[in-house]
Amino acid sequence: MRSETRGAAAAGLGGWKRDCWAGELRAADAGREVTLMGWVSRRREHGGVSFIDLRDRSGLVQVVLSGELAAWGAGLSPESVVAVRGRVALRPEGMANPELPTGEVEVAASDLRLLNRAKTPPIYTRDLAPRQHGAGGEKGSASAGERDAEGETGEAMRLRYRYLDLRRPRMQANLALRHRMVKAVRDYLDARGFWEVETPFLTRSTPEGARDYLVPARNAPGKFYALPQSPQIFKQLLMVAGVERYFQVVRCFRDEDLRADRQPEFTQIDIEMSFVEPADVVRLTEGLMAHIWREVLGVDLQTPFPRLDFAEAVASYGTDKPDLRFGMRIADLTAALEGCGFRVFGEAARRGEVVRGLAVPGGAAVFSRKDLDLLTREVQKFGAKGLVWAAFEPSGVRSPVSKFLTGEEVDTLRRLVGAGEGDLGLYVAAPPDTAAAALGHLRLHAAERLGLRDTAEWCFVWVVNYPLFEPDEETGGLGAKHHPFTAPFEEDLGLLETAPLKVRAKAYDLVLNGWELGGGSVRNHSREVQERVFEALGLAREEYLEKFGFLLEALEYGAPPHGGIALGVDRIAALLAGEESIREVIAFPKTTRAACLLSGAPSDVGTDQLAELGLRTRDRTFEPV
RNA sequence: GGAGGCGUGGUGUAGUCUGGCCUAACAUAUCUGACUGUCGAUCAGAAGAUCGCGGGUUCGAAUCCCGUCGCCUCCGCCA
């Protein structure tokens with residue numbers, strides 16, 4: 001029996017039914033008659049016989065076309081969609097391919113149906129090894145046996161043809177991993193009595209926080225919905241509603257500038273529980289992480305995770321999301337060097353600055369003068385004026401500032417950062433925040449350079465004891481460090497009006513290998529305390545009543561003590577997958593300018609559409625592409 | 001809002017610093033032909049690029065200058 005579709009560019013299934021996955025065939029399947037459907041991954045013609053690697057989601061298997069089918073199959077373009085009927089057979093003696101899970105077998109085709117001929121793909125649909133720079137021939141250096149690996153297609157091109165990019169095994173693996181991860185989350189929380197409840201996407205804009213994405217309201221011209229930056233208020237209302245244990249895998253929207261770990265729309269695991277203290281949420285989250293790592297990677301995590309005070313994190317690591325896979329702690333040398341001959345250091349305290357430094361193990365030999373100049377430019381990005389380095393070598397110290405310092409002071413430089421022979425000391429004198437940021441960054445930079453950041457270690461840490469408020473440089477007043485619904489420590493309540501910056505928050509951030517995975521807090525369940533927090537933030541009474549009146553009102557109708565956490569799905573997935581950008585674990589991500597290269601969003605809309613919404617554009621800065 | 005990197009056949013790169021040996025090189029993909037055991041097939045051949053776009057300097061620009069667009073990284077921002 002032969003299909004009638006030979007020669008046509010596309011056909012329907014014609015009653016054929018797929019009955020197994022290409023990538024799952026093994027020697028034990030030999031003799032089976034199978035019907036496979038998938039894509040032509042690769043084709044090898046040998047005149048009388050042709051091979052095609054038939055790929056579906058599960059992997060690929062070699063299909064042998066001989067006789068009449070061989071000639072016809074030779075014309076199948078890569079990425080064309082085909083259905084194959086045939087018999088699974090053990091490969092002839094010596095022909096097995098040990099590199100392939102299906103390498104012991106092949107499918108001898110008896111019939112083939114072209115379901116859709118594919119144009120030549122504009123990008124590669126297979127994984128490529130990074131290419132050695134420079135084509136081999138030019139310098140004549142590549143040996144004959146070496147092949148040049150191709151470079152990976154540029155990301156812009158991959159995003160433009162994302163549906164082809166996602167066919168690559170690496171991307172399919174990422175999608176599968178993310179699915180398994182989210183599944184593990186739902187299983188874990190379901191087993192502990194959590195209900196997944198949906199909350200509105202069309203909601204109201206609230207002040208503070210990030211810029212909102214706005215949606216014009218047709219029925220109320222001139223008014224707007226906002227897309228949620230998080231379901232924060234609604235999940236608190238669910239606690240008032242007696243849901244007690246809520247979670248949601250939910251999209252959030254923030255109109256801010258993007259980074260490798262930030263997209264304008266991102267997904268959170270949003271959790272809220274009633275009748276809990278921080279320790280309860282922390283314990284639940286640790287269990288959740290352990291469950292994810294076990295289910296997805298088969299790795300057993302050590303719980304509980306270590307805790308680190310916010311102040312200690314910033315002082316020792318220069319950030320509130322420290323990468324603890326390596327040491328290189330930051331030390332303070334301000335007092336020890338006060339009055340020393342190098343004035344930048346000696347007079348730092350008088351200027352209200354601090355002198356801090358760290359030791360890079362083995363760095364004396366690794367970092368050249370050029371590297372050190374580069375590091376100097378790095379710290380300058382954070383506002384530090386310069387960088388002082390000292391290479392502690394067997395023959396003595398080598399440093400541009402050693403001539404200003406006594407031997408004892410040089411020894412202080414070495415001793416306080418904990419540098420040994422062969423280590424490199426790096427020092428910055430600057431205001432405390434600047435010094436922390438600069439050295440924190442330097443620490444990561446140096447670790448990257450030494451290869452300390454790509455180890456497959458999972459260093460979770462809770463950062464706790466945050467202040468409730470931080471100075472807001474724009475307004476000169478206070479801003480919420482976490483968010484304005486976070487509860488203060490009870491024993492600090494009296495400080496709300498007198499010394500607000502000293503008030504500690506019942507908040508906690510979860511950090512993994514330098515990535516902030518998420519954060520949460522116990523919330524204010526008393527209207528009185530919540531209003532005092534708003535007041536401390538400098539919000540006018542009319543304003544917070546207008547924006548948050550409905551929440552305050554809800555707190556008066558029997559709101560239980562409650563708290564929760566929000567965890568970044570994209571970041572967790574990226575870390576699990578070993579990817580450096582969350583774009584690699586998002587099916588259709590946006591560029592750093594928040595554009596979708598595949599669909600062309602954002603785009604123009606018609607004037608009639610605008611008129612219906614009561615909108616008029618002021619001027620046309622952007623022309624349609 | 002700011003800083004830096006990148007943009008060259010379909011794709012990935014070299015060439016740009018130091019303008020003319022560039023009539024733009026290499027790899028891969030594509031097309032044609034050969035081949036019954038390949039699996040990154042191989043062999044032979046072919047086609048394919050006004051060097052992101054717009055100006056300018058110059059006898060001459062991929063290369064220098066100005067502007068602009070796009071992608072990436074970072075600072076600010078992201079409660």
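Residue numbers begin at 1 in each chain, while the letters A, B, ... track the order of the sequences.
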Distance between the P atoms of B:G7 and B:U63, in whole angstroms? 12 Å

What are the atom names and distances for every N/O pair under 3.5 Å that joins the protein to nucleotides 71-76 of chain B?
| unit_1 | atom_1 | unit_2 | atom_2 | d |
| --- | --- | --- | --- | --- |
| B:C71 | OP1 | A:Thr591 | OG1 | 3.0 |
| B:C72 | OP2 | A:Thr592 | N | 2.7 |
| B:C72 | OP2 | A:Thr592 | OG1 | 2.5 |
| B:C72 | O3' | A:Arg583 | NH2 | 3.0 |
| B:U73 | OP1 | A:Arg583 | NH1 | 3.2 |
| B:U73 | OP1 | A:Arg583 | NH2 | 2.7 |
| B:U73 | OP2 | A:Arg583 | NH1 | 3.4 |
| B:C74 | OP2 | A:Ala260 | N | 3.4 |
| B:C74 | O2' | A:Lys381 | NZ | 3.2 |
| B:C75 | OP2 | A:Arg259 | NE | 3.0 |
| B:C75 | OP2 | A:Arg259 | NH2 | 3.4 |
| B:G76 | N7 | A:Arg259 | NH2 | 2.9 |
| B:G76 | O6 | A:Arg259 | NH1 | 2.9 |
| B:G76 | O6 | A:Arg259 | NH2 | 3.4 |
| B:G76 | N1 | A:Asp257 | OD2 | 2.7 |
| B:G76 | N2 | A:Asp257 | OD2 | 3.1 |

Donor-acceptor pair under 3.5 Å: do we get one between A:Asn97's side chain and the base of B:C39? yes

Identify, between A:Gly47 and A:Leu100, the residue whose nearest nucleotide on RNA chain B lies closer to the 5' end. A:Gly47

Contacts of A:Arg43 that satisfy side-chain hydrogen bond (donor to acceptor under 3.5 Å, both in side chains) - sequence neighbours left out: A:Glu45

Say whether, by atom type as modelled, one donor and one acceptor occur between the side chain of A:Asn513 and the main chain of A:Asp323 under 3.5 angstrom. no

A:Phe548 versus A:Leu539, closest heavy-atom pair with distance: CE1-CD1, 4.5 Å

Want to settle it: does A:Glu45 or A:Val64 sit nearer the 5' end of RNA chain B, counting the closest nucleotide to each? A:Val64

Gap in Å between the two P atoms, one belonging to B:C26 and one to B:U73, rounded: 33 Å

Donor-acceptor pair, side chain of A:Arg571 and main chain of A:Asp261, under 3.5 angstrom: yes

Sugar-phosphate, base or nothing in reach of A:Pro78, heavy atoms under 4.0 Å: sugar-phosphate

Identify whether any heavy atom of A:Gly154 sits under 4.0 Å from a base atom; if not, whether one sits that close to sugar-phosphate; answer base, sugar-phosphate or nothing. sugar-phosphate

Checking only heavy atoms, does the side chain of A:Gln62 share a donor-acceptor pair with the base of B:U38 at less than 3.5 Å? yes

Holding to ring pair (Phe, Tyr, Trp, His ring centres under 6.0 Å), I want the full list of residues that pass it with A:Tyr225, two or more places apart in sequence or in another chain. none

Considering every strand and a 4.0 Å limit on heavy-atom distances, what is the contact class for A:Gln380: base, sugar-phosphate, or nothing? nothing

Give me the distance, rounded to whole Å, that separates B:C39 from B:C22 when you measure between the P atoms they each carry. 37 Å

Could you tell me whether A:Arg91 contacts a base, only the sugar-phosphate backbone, or nothing, with contacts defined as non-hydrogen atoms closer than 4.0 Å? base

Distance-minimising heavy-atom pair for A:Leu164 and A:Thr125: O-CG2, 3.8 Å

